[in-house]
Trainee: 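Sharing a structure below in structure tokens format, with a few things to ask.
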Amino acid sequence: MKKTFLLATGILFSVSAQAQILDVIKSTVKNQTGIDLNNPVKTKTSTSTTTTTSTAPKSPSVNINSLNSAQISSGLKEALSLGVTEGVKKLGVTDGFLKNEAVKILMPEKLRVIDTKLRAFGLGSLADQGVKLLNRAAEDAVTESAPIFTKAITSMTITDAKNILLGGDNSATNYLQGKTQSQLFTAFQPKVKASLGKVGADKVWTQLISKYNTLTGNAVSTDLNEYVTNETINGVFKMVADKESGIRNSPAMRTTSILQKVFGAQDGK
């Protein structure tokens with residue numbers, strides 16, 4: 001019993017001593033900092049969540065009715081000009097015409113009988129050489145066609161531009177060809193004539209026709225200059241049509257803002 005009393009007394013003394021020590025600590029903190037530990041101030045923790053929304057820039061959605069004729073015309077001309085530039089670059093190299101089946105210049109239709117007869121007489125190589133040189137002349141001449149086409153495009157007035165934009169894949173190219181074929185022919189023919197002489201096509205064809213006339217007793221002739229001029233121009237238009245179709249159907253090929261705006265509006269027609 002005595003031991004229990006002493007143990008209890010010791011515990012009470014210990015608790016009392018700890019309380020006194022704690023009071024001293026609280027008093028010191030209050031004197032030094034002004035903070036009363038007996039009445040702690042609850043600090044509100046405000047958590048602010050900042051939400052950053054990352055939005056990729058989008059091209060403005062353009063309704064075709066918001067575009068005027070001048071804007072549509074500008075977009076169509078841009079597509080045509082790109083087609084000419086790229087087309088001439090591809091055609092104006094060795095085999096640009098000859099190895100491209102879409103634009104290769106064949107024997108003039110009225111002279112194809114010559115091809116048949118020459119081959120029958122074992123002169124197929126002469127016929128092949130004649131066709132090859134027609135294409136070489138076109139490849140040489142076409143390098144000078146770009147400014148002629150560009151001038152025709154820039155000076156062309158496009159009427160009913162909206163309907164052309166909403167037309168088929170080659171509507172703009174067909175419109176250009178219909179409006180400018182004759183002026184392109186007039187401007188381009190002298191260059192083709194010079195190229196026919198430059199590559200020796202005129203001499204080979206003189207020999208080729210002479211051989212045929214001698215072997216058959218017939219007399220045929222043709223205006224190679226006119227034929228090659230038309231075929232070269234048609235070859236360029238073929239390349240322009242391919243480019244126009246690509247721009248209409250593939251947004252990735254719309255490399256300028258005007259193409260994106262005009263043909264983007266066409267997408268939502």
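Just so you know, these numbers come straight off a predicted model, no measurement behind them. Numbers for residues simply follow the sequence, beginning at 1.
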Trainee: Under 4.5 Å between side-chain heavy atoms, counting indirect links through other Ile/Leu/Val/Met/Phe/Trp/Tyr residues: same cluster for V113 and I105 or not?
Mentor: yes
Trainee: Side-chain contact test, heavy atoms from C-beta onward, threshold under 4.5 Å: evaluate it for N234 versus Q181 and give yes or no.
Mentor: yes
Trainee: Are I233 and L106 connected in the hydrophobic side-chain network, where two residues link if heavy atoms are under 4.5 Å apart?
Mentor: no
Trainee: After noting the C-alpha distance and the side-chain angles of L82 and M253, does the key distance pass the side-chain contact (heavy atoms from CB on, under 4.5 Å) rule?
Mentor: CA-CA 10 Å; L82 281 175; M253 293 182 67; over 6 Å; no
Trainee: State, yes or no, whether a side-chain contact exists between N100 and M239 at a heavy-atom distance under 4.5 Å.
Mentor: yes
Trainee: Using the rule given for side-chain contact (heavy atoms from CB on, under 4.5 Å), can you reason through S145 versus V142, listing the C-alpha separation, both sets of side-chain angles and the distance that settles it, and then say yes or no?
Mentor: CA-CA 5 Å; S145 69; V142 78; 3.5 Å; yes
Trainee: Is any side-chain heavy atom of K211 closer than 4.5 Å to one of T214?
Mentor: no
Trainee: For a side-chain hydrogen bond (donor to acceptor under 3.5 Å, both in side chains) with E244, tell me which candidate from N174, N249, T173 qualifies.
Mentor: T173
Trainee: With a 3.5 Å distance limit and no angle check, can you tell me whether R254 reaches the backbone of I247 through a side-chain donor-acceptor pair?
Mentor: yes
Trainee: To check you understand the geometry: which heavy-atom pair defines the closest contact between G235 and F97, and what is its length?
Mentor: CA-CE2, 4.2 Å
Trainee: Is V220 reachable from L126 through a run of I, L, V, M, F, W or Y residues, each pair having side-chain heavy atoms under 4.5 Å apart?
Mentor: yes
Trainee: When you measure from the side chain of N135 to the backbone of V131, do you find a donor-acceptor pair of N or O atoms at a distance under 3.5 Å?
Mentor: yes
Trainee: Could you check whether any side-chain N or O of S155 sits under 3.5 Å from a backbone N or O of K151, counting only pairs where one atom can act as donor and the other as acceptor?
Mentor: yes
Trainee: Do the side chains of D242 and K238 get close enough for a salt bridge, i.e. N-O under 4.0 angstrom?
Mentor: yes
Trainee: Return the minimal non-hydrogen interatomic distance between S195 and D140, and the atom names on each side.
Mentor: OG-OD2, 2.5 Å
Trainee: Out of F185, F237, F188, which residue meets the ring pair (Phe, Tyr, Trp, His ring centres under 6.0 Å) rule with F149?
Mentor: F237
Trainee: To the closest 0.5 Å, what do you measure between CG (D160) and OG (S73)?
Mentor: 11.5 Å
Trainee: Output yes when a side-chain donor or acceptor of W205 lies under 3.5 Å from a complementary backbone atom of G130, and no otherwise.
Mentor: yes
Trainee: Nearest 0.5 Å, please: how far is NZ in K162 from CD in Q266?
Mentor: 13.0 Å
Trainee: Between the main-chain N or O of T159 and the side-chain N or O of Y175, is there a donor-acceptor pair closer than 3.5 Å?
Mentor: yes
Trainee: Measuring only between side-chain heavy atoms, which start at C-beta, is L91 closer than 4.5 Å to T232?
Mentor: no
Trainee: With side-chain contact (heavy atoms from CB on, under 4.5 Å) as the criterion, how do L76 and M156 come out once you've worked through the C-alpha distance, each side chain's angles and the decisive distance to 0.1 Å?
Mentor: CA-CA 11 Å; L76 294 174; M156 178 179 62; over 6 Å; no
Trainee: Where is the tightest heavy-atom contact between V103 and G96, given as atom of each residue plus distance?
Mentor: CG2-O, 4.1 Å
Trainee: Distance check, rounded to the nearest 0.5 Å: Y227 atom OH versus K110 atom NZ?
Mentor: 12.0 Å
Trainee: Same cluster for I209 and F121 if Ile/Leu/Val/Met/Phe/Trp/Tyr side chains link at under 4.5 Å?
Mentor: yes
Trainee: I need the L118 CG to L215 CG distance, nearest 0.5 Å.
Mentor: 7.0 Å
Trainee: Could you report the tightest heavy-atom contact between G200 and L133, atom names first, then the distance?
Mentor: O-CD1, 3.8 Å
Trainee: Is there a path of hydrophobic side-chain contacts, each under 4.5 Å between heavy atoms of I/L/V/M/F/W/Y residues, joining L98 to V204?
Mentor: no
Trainee: Main chain of D202, side chain of T206: is a donor-acceptor contact present, judged purely on distance under 3.5 Å?
Mentor: yes
Trainee: Closest approach of L224 and P108, non-hydrogen atoms and distance?
Mentor: CD2-CG, 4.2 Å
Trainee: Could you tell me whether a side-chain N or O of R248 sits under 3.5 Å from a main-chain N or O of K243, the two making a donor and an acceptor?
Mentor: no
Trainee: Under the side-chain contact (heavy atoms from CB on, under 4.5 Å) criterion, do K132 and R136 qualify, and how do the steps go?
Mentor: CA-CA 6 Å; K132 178 180 178 180; R136 289 288 182 261; 3.7 Å; yes
Trainee: Checking S81 side chain against K77 main chain: does a donor-acceptor pair fall under 3.5 Å?
Mentor: yes
Trainee: Quick one: OG on S171 to CG on L176, what's the gap to the nearest 0.5 Å?
Mentor: 12.5 Å
Trainee: First locate atom CG of L208, then atom CD1 of I114, and finally report the distance between them rounded to the nearest 0.5 Å.
Mentor: 6.0 Å
Trainee: Checking E139 side chain against G92 main chain: does a donor-acceptor pair fall under 3.5 Å?
Mentor: no
Trainee: Examine distances only and state if a side-chain atom of Q71 and a backbone atom of N68 form a donor-acceptor pair shorter than 3.5 Å.
Mentor: yes
Trainee: Determine the minimum heavy-atom distance between D115 and A127, stating which atoms define it.
Mentor: OD1-CB, 3.4 Å
